[in-house]
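Have a look at the structure below, then the notes.
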Amino acid sequence: MNVSDSEVVSRIIQDAGYEIVSSPKNANVVLLNTCSVRENAERKIFERLSSLKKFKKSSQLNVIGILGCMAERMRSKLIDENDIVDLAVGPDEYRKVPELIRKAFTGEKGIAVKLSRVETYDDIEPLRKEGISAWLAVMRGCDKFCSFCVVPFTRGRERSRTLKSIVDEVVKLWDDGFKEVTLLGQNVNSYRCPETSSDFADLLSSCANAVPNMRIRFVTSHPQDMSNKLIETIASHKNICKYIHLPLQSGSNRILALMNRNYTVEHFTERISYIRSLIPDCALSTDIIAGFPTETLEDHKKTLQALEEIRFDGAYMFKYSPRENTKAYKLGDDVPEQEKIYRLNEIIELQNRISKTINLTEHGKVHEVLVEGPSKKNKQKWQGRSDTNKVVIFQPNEEVKVGKIVRIKILSSTSATLFGELV
Ligand code: 5AD
Ligand code: SF4
C-alpha cells in the first residue's frame with residue numbers, strides 16, 4: 001500500500017512541476033513514506049533520518065518530509081523532536097504536498113494530518129515505474145479495529161473507489177503493457193462500490209472479464225468477509241490468481257477474541273476448507289503475531305497446532321509490538337521479550353518446515369509462470385511467478401521475454417523458491 005501511495009504522491013508532485021530523481025544525492029527534497037504498524041518500521045525511519053542529517057548539512061538537500069502513517073500518528077511531535085524534518089503529511093492529505101514543499105523552501109514548517117471520509121485519490125493516476133506488475137488501491141482505511149492495530153487511527157475510515165473507475169484503470173494498465181494487477185486494500189474484501197453497492201466479488205469478476213488475459217491478484221482479505229460468493233468468483237475465473245492471503249493472527253480463540261478479530265479458529269478453518277473444496281490447488285498464506293498480551297504457552301501451542309493443521313504455503317510472522325492508542329496497548333505487554341522471540345522462532349521454524357514440505361509436492365508439476373526478468377541472486381537465470389504467487393527460477397532461452405507466460409516444470413525447491421526448466 002505504501003508503494004502504491006508513493007506512486008500517487010509522485011504523480012502529484014510531478015504534476016506540480018517537480019522532477020523525480022533516482023538518488024537522494026541529486027535531490028533538493030526527500031520525502032520518506034512511512035509505516036507505523038510495528039515499532040521496528042518506525043525505528044528504521046529514525047535511522048534514515050539520522051543518515052540524512054549529514055546530507056542536509058553538506059549537499060543541496062533543502063527539504064525533508066515525512067509522509068504517511070508516522071506523520072499521522074506523531075503529528076507536530078515529529079517536527080518538534082527532529083529539527084531536520086520540514087513537513088509531515090498524513091495519508092489523506094497528499095494533495096497538499098506540493099504547497100507544503102514550496103513553503104518549506106521559504107523556511108516554513110508544515111503539517112497536514114486531517115483524515116478524510118471520502119479521499120480515495122480516484123482521479124490521480126499513480127506514477128508507476130515501468131514493469132509488468134501494477135498496484136491498484138481500490139479502497140482506503142479500515143473499520144475493523146483489531147485491538148493490536150494502529151491502521152484505523154493512522155489511515156482513517158474505510159472508503160472505496162467506484163467499480164467503474166477501477167475497471168477503467170485495469171483496462172488502461174493492460175493497454176499500457178502491464179500483465180498483472182494487484183488490487184489493494186487494508187481489507188480488500190469489504191470493498192463496496194459507493195455508486196452501485198457492488199461487492200468485492202463483483203469487482204473481481206468485472207476486472208477479470210474486462211481484461212481476460214490480465215492476471216488479477218488482491219491483498220489483504222479479512223477472514224470475516226471471505227464470502228462463498230467471493231471464493232466461487234475466484235474459482236470461476238482463469239485469470240484471477242489462485243492465491244489467497246488470509247491473516248489468522250493466532251490459533252487461540254481466547255486471543256482472537258482479545259484481538260477483536262471477530263472469528264474463531266473453527267470459522268477460519270471452515271473457510272479454508274471451502275476454498276480448498278472449490279480450488280484444490282489454491283496457495284494460501286497468512287499473518288501470525290507471537291506474544292500478544294496475556295498469551296500463555298497453551299495459547300501459543302494452539303497457534304502451532306493451527307499452522308500444522310491448516311498448512312499454509314507461507315506466512316508473515318511478527319513479534320507483538322505495542323502501539324499507543326490501540327485497545328491492546330491498555331492490556332500491557334506482559335509476555336517477556338525473550339519469550340516472544342522464542343515463540344516467534346518456534347513459529348518460523350515450523351512454518352519453514354511446512355513450506356518446504358509443500359514445495360516438495362510441486363516437483364514434476366508444470367506451472368504457468370509470468371516472466372519478470374533476470375533473477376536477483378543469479379543473473380544467468382531468470383525468474384517469474386506462478387499463478388499461485390511462488391517465485392520460480394529457470395534457465396531462459398532466446399524466446400523468453402519479460403511479461404510473457406512460460407510453462408516451467410518444477411525440478412527442485414526450497415521453502416521459499418521453486419526451480420525448474422522450460423517445457
Ligand atoms: N504488532 C505485531 N504485528 C502487527 N500487525 C499489525 N499490528 C501489529 C502489532 N501491533 C501485523 C498483523 C497484520 C500485519 C499487516 O501486521 O499480523 O496482519
Ligand atoms: Fe489492522 Fe485489523 Fe484493519 Fe488489518 S483488519 S488493517 S489488522 S485493524
Side-chain angles (χ1 to χ4, degrees), residues 1-5 34-44 68-70 72-73 91 115 137-160 182 184-192 200 218-226 244-252 255-263 265 267-268 271 284-295 299-300 303 306-307 310 312 314-335 337 339-341 343-345 347-348 351:
M1 191 58 108
N2 269 6
V3 174
S4 171
D5 270 8
T34 61
C35 171
S36 287
V37 80
R38 285 171 294 277
E39 198 185 349
N40 207 20
E42 295 195 342
R43 197 182 45 76
K44 283 187 201 157
C69 288
M70 263 175 93
E72 194 63 48
R73 200 179 78 74
L115 288 171
V138 302
M139 47 116 56
R140 299 181 70 83
C142 181
D143 287 349
K144 290 279 194 261
F145 287 92
C146 300
S147 67
F148 51 79
C149 185
V150 78
V151 165
F153 304 97
T154 58
R155 298 187 74 93
R157 299 286 57 75
E158 207 167 275
R159 67 218 97 118
S160 299
T182 305
L184 296 174
Q186 250 74 41
N187 252 307
V188 78
N189 54 344
S190 61
Y191 169 87
R192 196 156 282 274
F200 186 61
F218 55 95
V219 275
T220 291
S221 304
H222 193 288
Q224 231 195 348
D225 299 323
M226 202 70 217
I244 301 173
H245 179 67
L246 202 58
L248 171 65
Q249 312 295 3
S250 168
S252 155
I255 294 293
L256 286 174
L258 280 176
M259 286 177 163
N260 194 30
R261 289 289 288 178
N262 290 321
Y263 56 81
V265 178
H267 170 82
F268 190 97
R271 292 290 75 197
L284 293 157
S285 62
T286 199
D287 290 345
I288 298 287
I289 298 177
F292 185 82
T294 79
E295 186 189 75
D299 294 313
H300 166 64
T303 298
L307 289 175
I310 299 168
F312 294 100
Y316 299 89
M317 298 156 281
F318 313 105
K319 227 170 26 156
Y320 171 68
S321 168
R323 306 278 69 205
E324 249 177 286
N325 291 325
T326 60
K327 232 173 167 183
Y329 193 77
K330 298 182 190 85
L331 295 173
D333 184 19
D334 62 344
V335 179
E337 182 67 9
E339 182 60 23
K340 270 195 217 169
I341 294 171
R343 291 182 193 176
L344 177 64
N345 284 338
I347 291 168
I348 292 172
Q351 183 53 48

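When a ligand or atom number is given, it counts from 1 through the structure's own listing order.
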Which one holds for I289 and ligand 1: side chain close, backbone close, both close, or neither close, with close meaning a heavy atom under 4.0 Å? side chain
Of all the atoms in ligand 2, which lie at a distance below 4.0 Å from a heavy atom belonging to P152? 8 (S)
Which of the numbered atoms in ligand 1 are below 4.0 angstrom from a heavy atom of Q249? 12 (C), 13 (C), 17 (O), 18 (O)
By number and element, which atoms of ligand 1 are closer than 4.0 Å to a non-hydrogen atom of R323? 10 (N)
Contacting atoms of ligand 2, where contact means under 4.0 angstrom from a heavy atom of F145: 8 (S)
Measure the shortest side-chain to side-chain distance between D5 and R155 over non-hydrogen atoms and say whether it is less than 4.5 angstrom. yes
Determine the minimum heavy-atom distance between R261 and P247, stating which atoms define it. NH2-O, 3.0 Å
Which of the numbered atoms in ligand 1 are under 4.0 angstrom from any heavy atom belonging to V37? 6 (C), 7 (N), 8 (C), 9 (C), 10 (N)
What are the atoms of ligand 1, with element, lying closer than 4.0 Å to any heavy atom of S321? 1 (N), 2 (C), 9 (C), 10 (N)
Please name the pair of heavy atoms, one in E295 and one in V335, separated by the smallest distance, quoted to 0.1 Å. O-CG2, 3.8 Å
So is R155 close enough to ligand 2, meaning a heavy atom under 4.0 angstrom away? no
For F318, counting its heavy atoms only, list the atoms of ligand 1 lying under 4.0 Å from any of them. 3 (N), 11 (C), 14 (C), 16 (O), 17 (O)
Counting only heavy atoms, tell me which of D225, N187, T220, D143 gets closest to atom 5 (S) of ligand 2. N187
Between atom 1 (Fe) of ligand 2 and C142, is there an N, O or S atom separated by less than 2.8 Å? no
Report yes or no: does C146 have an N/O/S atom closer than 2.8 Å to atom 2 (Fe) of ligand 2? yes
Relative to the ring of Y316, is the ring of F318 parallel (under 30°), tilted (30 to 60°) or perpendicular (over 60°)? parallel
Starting from atom 11 (C) of ligand 1, which protein heavy atom do you reach first, and at what distance in Å? R38 NH1, 3.2 Å
Would you check if F312 and Q351 make a side-chain contact, meaning some heavy-atom pair closer than 4.5 Å? yes
Distance, nearest 0.5 Å, that separates SG of C149 from CZ of R38: 9.5 Å
CA sep, side-chain torsions, deciding dist, call: R343, T303, side-chain contact (heavy atoms from CB on, under 4.5 Å): CA-CA 10 Å; R343 291 182 193 176; T303 298; over 6 Å; no
Considering heavy atoms of the protein only, find what lies nearest to atom 1 (Fe) of ligand 2 and give residue, atom and distance to 0.1 Å. C149 SG, 2.3 Å
Flag, side chain of Y263 to backbone of L248, donor-acceptor distance under 3.5 Å: yes
Give the atoms of ligand 2, by number and element, whose distance to some non-hydrogen atom of Q186 is under 4.0 Å. 6 (S)
Where does the angle between the aromatic ring planes of F148 and F292 fall among parallel (under 30°), tilted (30 to 60°) and perpendicular (over 60°)? perpendicular
Please determine whether a side-chain nitrogen of the Lys or Arg among K319 and D333 lies less than 4.0 Å from a carboxylate oxygen of the Asp or Glu. no
Show the atoms of ligand 2 that are less than 4.0 angstrom away from any heavy atom in V151. 6 (S)
State the atoms of ligand 1, each with its element, that fall below the 4.0 Å cut-off from a heavy-atom position in D287. 13 (C), 14 (C), 15 (C), 17 (O), 18 (O)
Would you confirm whether S160, through its side chain, and R192, through its main-chain N or O, come within 3.5 Å as a donor-acceptor pair? yes
Check each atom of ligand 1 against the heavy atoms of K319 and keep those under 4.0 Å away; list them by number with element. 1 (N), 2 (C)
Smallest heavy-atom separation, P91 atom then R140 atom, equals O-NH2, 3.0 Å
Quick one: does ligand 1 sit under 4.0 Å from the side chain of F148, the backbone, both or neither, non-hydrogen atoms only? both
